[in-house]
Amino acid sequence: MKNAGEDFKNLLEKIEMDDLSKLDFRVQAKDLVMKENGLIVRKGKETREGLLLSEHAATQFLNRYDIPVKEGKMIARKDPEMFRQIFNDVVNEDDRGILIRARKTDKGYGIVRAVLSEDYSILNNKRIIETLERHVHENSFSGVESFYIDDRRFHARFTFDVSTTAFGRDVYGDDDLIKCGLDIINSETGNSSLRIEPMIFRLVCSNGLKAWRTDGDIIQQRHIFIDNDELDKLVVNGINTSLEKSNNIINTFEDAKKIQIEDPVADIIRLSEYANFSKKLTDSVIKNYFIEPMKNRYGVVNAFTRGARDLNNHQRLQVEEFAGRLLVDEEIYEVA
C-alpha cells in the first residue's frame, strides 16, 4: 500500500515548486502596450522586458476582442508588426480591468499564462489540494494514483481502500479488483472550472475507468468567489458522491460481463469511428483488447481504457469518459 501521507507531501511539493515562478497582476486593459519586440508592458514601463503571450493567452486575448482566432494567430506569425498594432489599438479603447496570470522565465521576460476578465476569481491548485487533504483520511484514503500539471490543466487522481472489491476473476484467474476514487480537475488559467468527478480504478491493469454519471454527479465550481467553508462543502460532497457512485457501478460491471459480443474488434472499430478517434488510437485499443480478450461488453470497454493509458492527459480523460458511457448506455453502444 502506498504511503498516503507521502503522496500528498510529494504532490504539494510539486505544486509549490510550480507556484514559485508564477505572478498575477490586475490592471486596466488600456494601461497595457505591446512593444516592437512583441513583449507586453505597462505604459510608462517600456524599458522593462515585459511579457510574451503564450498560445493559450493569445487565444483568450483574441476571443476577448471578438477577433477570429485562426486569422489573428496567422497575422501574429506572418506580420508581427500588424498584430502589435491590433493589440495596442484594441486595448487602448478598453476601460475594463483585466487579470494577467503570468510566469517568470530565466530568459529575462515572462510568459502570459492567461488573459482573464476582472471578475475572474483565483482558485489555485494548492488551495484545492490542501482542502482535500483535510478530509480524505476520514474515508480510508489509499493514495494519489497519478497527477498531471501544466499551465492549462491540473488533474489528480485519488483512490480509497474502503471500496476495494473483487468481482469475479480476470482472464489470468486472479481476483478482478477495483477500487473507487475521484478525479480533481482544475485550471488556473480559465481552461475549465473546478471539477470533482467519481471514477473507478481497476487494479489488475492499473487503468482508470471513470464512472459514467449524470450531470448531477459532477461537482463543479466556476471560478467565482468561493470562501473556505464553501470549498470544504464541495470537497466533502465530491468524496461522498464518488464513494457512492463508484460502489454502485460494480453491479454495472457484472452486468456488462453478461452481455456477449460476437465480434469485439468490429465493435471497437465501429465505436472508434463514432467517437472520431484516430486510426492510431483505434489500433492501440484493438491491441489492448487482445491482452484480455473477453467477448463481452466489459471486454470492449476495458480495451478502450487500456488503450487510453499512453495518451496525453486531456485525451486520456476523453477516452475514459467515452468508455464509461459505453458501459451503461445501451443506446450509445448500439447507435454508434
Side-chain angles (χ1 to χ4, degrees), residues 11 14 18 54-60 69-70 73 113-114 125 128 144-159 178 181-213 215 217-220 242 246 249 264-265 267-292 297-329 332-333 335-336:
L11 177 55
K14 289 186 179 294
D18 186 60
S54 67
E55 280 290 314
H56 179 57
T59 298
Q60 291 176 321
V69 173
K70 184 177 180 180
K73 288 189 174 181
R113 300 195 297 145
N125 302 325
I128 294 166
V144 182
E145 297 297 338
S146 63
F147 63 90
Y148 171 87
I149 188 169
D150 65 16
D151 275 331
R152 295 187 64 181
R153 174 192 294 267
F154 172 76
H155 171 219
R157 178 163 286 179
F158 307 88
T159 53
I178 62 172
L182 74 161
D183 281 350
I184 302 287
I185 299 170
N186 185 51
S187 174
E188 297 182 340
T189 57
N191 194 50
S192 73
S193 57
L194 165 64
R195 295 165 66 93
I196 305 175
E197 306 182 23
M199 52 80 64
I200 288 290
F201 199 83
R202 185 165 178 245
L203 304 187
V204 66
C205 57
S206 297
N207 63 335
L209 173 62
K210 293 180 70 173
W212 179 90
R213 70 274 191 240
D215 289 343
D217 293 319
I218 301 174
I219 309 302
Q220 186 163 317
S242 296
S246 299
I249 210 170
V265 172
D267 275 14
I268 288 171
I269 295 172
R270 176 176 59 85
L271 293 166
S272 292
E273 290 176 349
Y274 171 79
N276 292 318
F277 292 151
S278 67
K279 183 179 184 302
K280 181 179 180 181
L281 173 57
T282 303
D283 291 344
S284 175
V285 174
I286 293 171
K287 179 181 178 181
N288 278 282
Y289 167 75
F290 285 106
I291 295 175
E292 288 186 280
R297 175 79 61 82
Y298 179 72
V300 172
V301 171
N302 187 63
F304 275 99
T305 59
R306 270 187 177 273
R309 289 179 300 172
D310 296 327
L311 298 175
N312 67 44
N313 182 261
H314 179 65
Q315 291 177 314
R316 175 174 181 168
L317 291 173
Q318 285 183 316
V319 175
E320 289 175 351
E321 182 174 343
F322 178 68
R325 291 169 62 201
L326 292 178
L327 187 67
V328 296
D329 195 321
I332 290 179
Y333 196 98
V335 170

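The structure displayed is predicted, hence computed values, not measured ones.
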- Determine whether Phe322 and Phe277 make a side-chain contact, defined as any pair of heavy atoms from C-beta on separated by less than 4.5 Å. yes

- Message: Once rounded to the nearest 0.5 Å, what's the spacing between atom OG of Ser272 and atom CG of Asp283?
- Response: 9.0 Å

- Note on the structure: Arg152 and Asp150 have their tightest heavy-atom pair at N-OD1, 2.8 Å

- Look up atom CZ in Arg195 and atom CG in Asp183, then write down how far apart they are to the nearest 0.5 Å. 10.0 Å

- Query: Just checking, is any N or O donor in the side chain of His56 or Arg113 under 3.5 Å from an acceptor N or O on the other one?
  - Reply: no

- Message: Using 0.5 Å steps for rounding, measure from the CG atom of Leu281 to the CD atom of Gln318.
- Response: 10.5 Å

- Query: For the residue pair Asp151 and Thr189, what are the closest heavy atoms and their distance?
  - Reply: O-OG1, 2.7 Å

- Can you tell if the side chain of Asp267 reaches within under 4.5 Å of the side chain of Arg270, non-hydrogen atoms only? yes

- Task: Taking the side chain as every heavy atom from C-beta outward, state whether Ile185 and Leu194 have any pair of such atoms under 4.5 Å apart.
- Result: no

- Item | Side-chain H-bond candidate by donor/acceptor type, Thr59 with Lys73, under 3.5 Å | yes

- Distance flag, aromatic centroids of Phe147 and Phe154, threshold under 6.0 Å: no

- Item | Residue pair Glu292 / Asn302, side-chain heavy-atom distance below 4.5 Å | yes

- Hey, does the side chain of Asn288 reach the backbone of Ser284 with a donor-acceptor pair shorter than 3.5 angstrom? yes

- Mind checking whether Asn186 and His155 have side chains closer than 4.5 Å, heavy atoms only? no

- Side chain proximity check, Val319 to Val285, heavy atoms < 4.5 angstrom: no

- Task: Any chance you could lay out the side-chain hydrogen bond (donor to acceptor under 3.5 Å, both in side chains) test for Asn191 and Arg153, step after step, and finish with the verdict?
- Result: CA-CA 7 Å; Asn191 194 50; Arg153 174 192 294 267; over 6 Å; no

- Measure the spacing between CZ of Arg316 and CG of Asp310 and express it to the nearest 0.5 Å. 8.5 Å

- Message: Which heavy atom of Phe201 sits nearest to which heavy atom of Arg157, and what is that distance?
- Response: CD1-CD, 4.3 Å

- Does a donor on one side chain and an acceptor on the other come within less than 3.5 Å for Glu145 and Thr159? yes

- Message: Could you tell me if the side chain of Ile269 sits less than 4.5 Å from the side chain of Glu273, heavy atoms only?
- Response: yes

- Non-hydrogen atoms of Ser192 and Ser187 that approach each other most closely: N-CB, 3.4 Å

- Item | Approximate separation, where rounding is to 0.5 Å, of Arg325 CZ and Leu327 CG | 12.5 Å

- Task: Decide side-chain contact (heavy atoms from CB on, under 4.5 Å) for Ile149 and Lys14; before the verdict, give the C-alpha distance in whole Å, the side-chain angles of both, and the deciding distance to 0.1 Å.
- Result: CA-CA 9 Å; Ile149 188 169; Lys14 289 186 179 294; 5.9 Å; no

- Side-chain contact test, heavy atoms from C-beta onward, threshold under 4.5 Å: evaluate it for Val300 versus Pro264 and give yes or no. yes

- If every non-hydrogen atom of Ala57 is compared with every non-hydrogen atom of Ser54, which pair is closest and at what distance? N-OG, 3.1 Å

- Item | Distance, nearest 0.5 Å, that separates CE of Met199 from CZ of Phe158 | 11.0 Å

